[in-house]
Amino acid sequence: MSDPSRPVQGPARTIGVTPADLDEAAAILVGGGLVAMPTETVYGLAADATNGRAIAAIYTAKGRPAFNPLISHVASVAMAETCGEITPLSRALIERFWPGPLTLVVRRLADCPVSELATAGLPSIALRMPRHAAALGLIERVGRPLAAPSANRSESLSPTTARHVADSLGDRIGLILDGGPCEAGIESTIIALDGSGPVLLRPGAIARTEIESVAGALASPEAKAGLLAPGMMRRHYAPDATLRLNARDVREGEAFLAFGPPPIGVTPSLNLSDRGDIEEAAANLFAMLRRLDLQFGAIAVAEIPHRGVGEGINDRLHKGAAKKYLDGV
Ligand code: TXA
Ligand code: MG
């Protein structure tokens with residue numbers, strides 16, 4: 001007999017984001033299955049956050065270490081309030097940035113319905129209300145928070161199209177919702193609010209300066225010993241090709257990924273943004289790295305300015321360039 005709490009295995013079917021498509025996806029999630037969904041940042045691999053077996057299936061499909069916790073996605077502030085402690089500072093950030101690409105790590109409530117596997121046994125929980133209509137519609141239909149890491153195999157490039165998801169996880173999941181290319185292209189900004197001042201755990205789609213205009217200066221995670229920070233695993237967001245950063249020339253066998261006008265004499269293989277628009281570059285980052293990764297063993301990347309979402313782009317590039325970390329993950 002088939003077990004309804006066992007996720008459907010691939011090959012994945014890709015459907016759209018019509019109300020009927022969302023109904024179908026919600027039924028799979030309620031039954032404990034996995035669905036890849038679009039968000040405004042990257043595609044997520046969603047499961048009912050309150051179902052421990054479904055969460056375990058996410059870790060298996062991604063090949064992700066179970067000590068790396070997941071973000072719980074909510075469709076309302078009220079839903080967030082059933083999971084975590086919303087302090088006045090959290091509320092101010094929520095009012096300004098939700099729905100949108102801001103994840104808040106807050107104290108987990110004692111009666112939080114989310115599986116402890118999703119929060120990796122931590123006393124905190126990561127909460128985000130996405131602004132993509134399909135993601136919101138899906139959470140509303142299920143009526144519970146959805147845990148969703150980026151829908152790629154652990155350590156590899158995050159997906160910004162349904163095709164990327166199919167390429168990476170198509171043989172491991174049953175259903176992909178195709179909502180077109182993601183608007184932001186890099187993941188949410190993650191802020192920890194544990195009472196002693198806000199900490200920037202992961203730079204992302206909302207620039208540090210925007211968050212600081214509401215929250216004041218953000219500390220860096222290194223300042224907080226013992227805090228489990230995302231991407232503390234050094235290699236993350238990595239293509240198979242070697243990355244050489246801040247490149248001003250192109251060497252034998254390399255692709256050149258430009259930003260703005262290329263150095264004299266260099267013909268770019270691809271350009272993150274011809275006109276030097278940092279947000280356009282973020283939206284193109286993962287898709288262009290994927291394309292070059294298919295053809296080249298090495299990618300030289302032009303210097304990317306640190307302004308705005310440039311901090312997030314540089315974070316992804318540095319993690320992608322790190323040599324594989326011999327810690328078994
Ligand atoms: O834009 C995004 O955030 C996307 C979309 C799908 O929403 N999601 C995403 O999830 O990037 P993921 O799992 O790839 O990255 C979430 C990061 C992980 O690195 C994890 O370590 C961190 O959030 N995280 C989750 N819960 C945490 C917690 N309680 N404390 C500290 N870090 C946490
Ligand atoms: Mg990820």
Side-chain angles (χ1 to χ4, degrees), residues 34-47 49 55 58-59 61-74 83-85 97-109 112 114-132 134-136 138-139 145-160 164-165 168-169 177 179 182-194 199-206 221 224 226-238 282 286 309 312 315-316 319-320 329:
L34 306 182
V35 172
M37 66 171 180
T39 82
E40 71 277 21
T41 57
V42 301
Y43 275 72
L45 180 58
I55 300 301
I58 289 185
Y59 286 107
K62 279 183 62 88
R64 175 171 174 133
F67 54 79
N68 190 4
L70 307 175
I71 298 171
S72 292
H73 295 70
V74 297
C83 299
E85 183 185 55
F97 297 109
W98 278 13
L102 172 68
T103 297
L104 297 177
V105 174
V106 302
R107 201 171 64 78
R108 185 188 153 111
L109 294 181
C112 169
V114 169
S115 155
E116 298 215 3
L117 193 52
T119 50
L122 293 170
S124 58
I125 182 166
L127 297 168
R128 153 160 140 79
M129 179 172 166
R131 76 166 168 249
H132 196 292
L136 284 174
L138 198 54
I139 304 163
L146 295 181
S150 51
N152 53 278
R153 295 193 187 201
S154 191
E155 294 191 353
S156 61
L157 295 169
S158 295
T160 55
H164 296 161
V165 180
S168 184
L169 293 175
L177 297 179
C182 299
E183 180 193 331
I186 59 171
E187 297 86 345
S188 60
T189 302
I190 305 183
I191 307 291
L193 297 156
D194 67 352
V199 179
L200 178 62
L201 290 184
R202 178 176 72 184
I206 301 178
K224 297 232 165 180
L227 189 73
L228 176 68
M232 275 214 165
M233 286 174 229
R234 287 202 343 236
R235 188 176 157 96
H236 219 96
Y237 314 107
F286 289 127
V309 293
D315 169 77
R316 307 304 184 272
K319 295 208 172 94
V329 298

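When a ligand or atom number is given, it counts from 1 through the structure's own listing order. All heavy atoms count here, side chains included; hydrogens, waters and symmetry mates do not. It should be emphasised that the depicted structure is a prediction, and the values quoted were computed from it without experimental measurement.
Under a 3.5 Å cut-off, the side chain of Tyr43 and the backbone N or O of His164 do not form any donor-acceptor pair. The backbone N or O of Pro101 sits nowhere less than 3.5 Å from a side-chain atom of Ser188 that would complete a donor-acceptor pair. Side-chain N or O atoms of Glu85 include none that pairs as donor or acceptor with a backbone N or O of Arg107 at under 3.5 Å. Checking side-chain atoms of Arg316 against main-chain N and O of Ala282 turns up no donor-acceptor pair under 3.5 Å. Looking at Ser168, its side chain does come within 3.5 Å of a backbone N or O of Arg153 through a donor-acceptor pair. The backbone N or O of Asn152 lies less than 3.5 Å from no partner atom in the side chain of Ser150, so there is not a single donor-acceptor pair.
Annotation for Pro38 and Ala135: closest pair O-CB, 3.5 Å, computed over non-hydrogen atoms. For Phe97 against Ile206, the heavy-atom pair with the smallest separation is CD2-CD1, 3.6 Å. Contact record, Pro159 with Ala151: CG-O, 3.2 Å, taken as the closest heavy-atom pair.
Inter-residue side-chain proximity for Leu177 and Leu138 is flagged as met; some heavy-atom pair is nearer than 4.5 Å.
At a 4.0 Å heavy-atom cut-off, ligand 1 touches Arg64 through the side chain alone.
Within the 4.0 Å heavy-atom cutoff, Thr119 does not count among the residues contacting ligand 1. Using a 4.0 Å heavy-atom cutoff, Ala148 is listed among the residues neighbouring ligand 1. Under a 4.0 Å heavy-atom criterion, Arg108 is not in contact with ligand 1. Judged by the shortest distance from any of its heavy atoms, Arg202 lies inside the 4.0 Å radius around the atoms of ligand 1.
Asn152 lies apart from the Mg ion (ligand 2) in this respect, since none of its N, O or S atoms is found at a distance under 2.8 Å.
Annotation for ligand 1: atoms under 4.0 Å from non-hydrogen atoms of Ile71 are 3 (O), 8 (N), 9 (C), 10 (O), 16 (C). Near Thr41, meaning under 4.0 Å from one of its heavy atoms, ligand 1 places the atoms 1 (O), 2 (C), 4 (C), 5 (C). Listed by number with element, the atoms of ligand 1 under 4.0 Å from a non-hydrogen atom of Ser188 are 1 (O), 2 (C), 3 (O). Of all atoms in ligand 1, listed by their number and element, those nearer than 4.0 Å to a heavy atom of Ile190 are 17 (C), 23 (O). When each atom of ligand 1 is checked for a heavy atom of Val105 under 4.0 Å away, the hits are 28 (C), 29 (N), 30 (N). Below 4.0 Å from some heavy atom of Leu122 lie the following atoms of ligand 1, by number and element: 28 (C), 29 (N), 30 (N). Against a heavy-atom cut-off of under 4.0 Å, Ala126 is close to the following atoms of ligand 1: 25 (C), 26 (N), 27 (C). Heavy-atom proximity to Pro149, at under 4.0 Å, picks out these atoms of ligand 1: 10 (O), 12 (P), 13 (O).
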Is there a side-chain contact (heavy atoms from CB on, under 4.5 Å) between Met129 and Leu136 once you walk through the steps? CA-CA 8 Å; Met129 179 172 166; Leu136 284 174; 4.0 Å; yes

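Inclusion of His73 in the set of residues having an N or O under 3.5 Å from an N or O of ligand 1 is warranted. Residue contacts with ligand 1: Glu187 is placed with no nitrogen or oxygen under 3.5 Å of a nitrogen or oxygen of the ligand (distance criterion only). For ligand 1, one of its N or O atoms has an N or O atom of Arg128 under 3.5 Å away.
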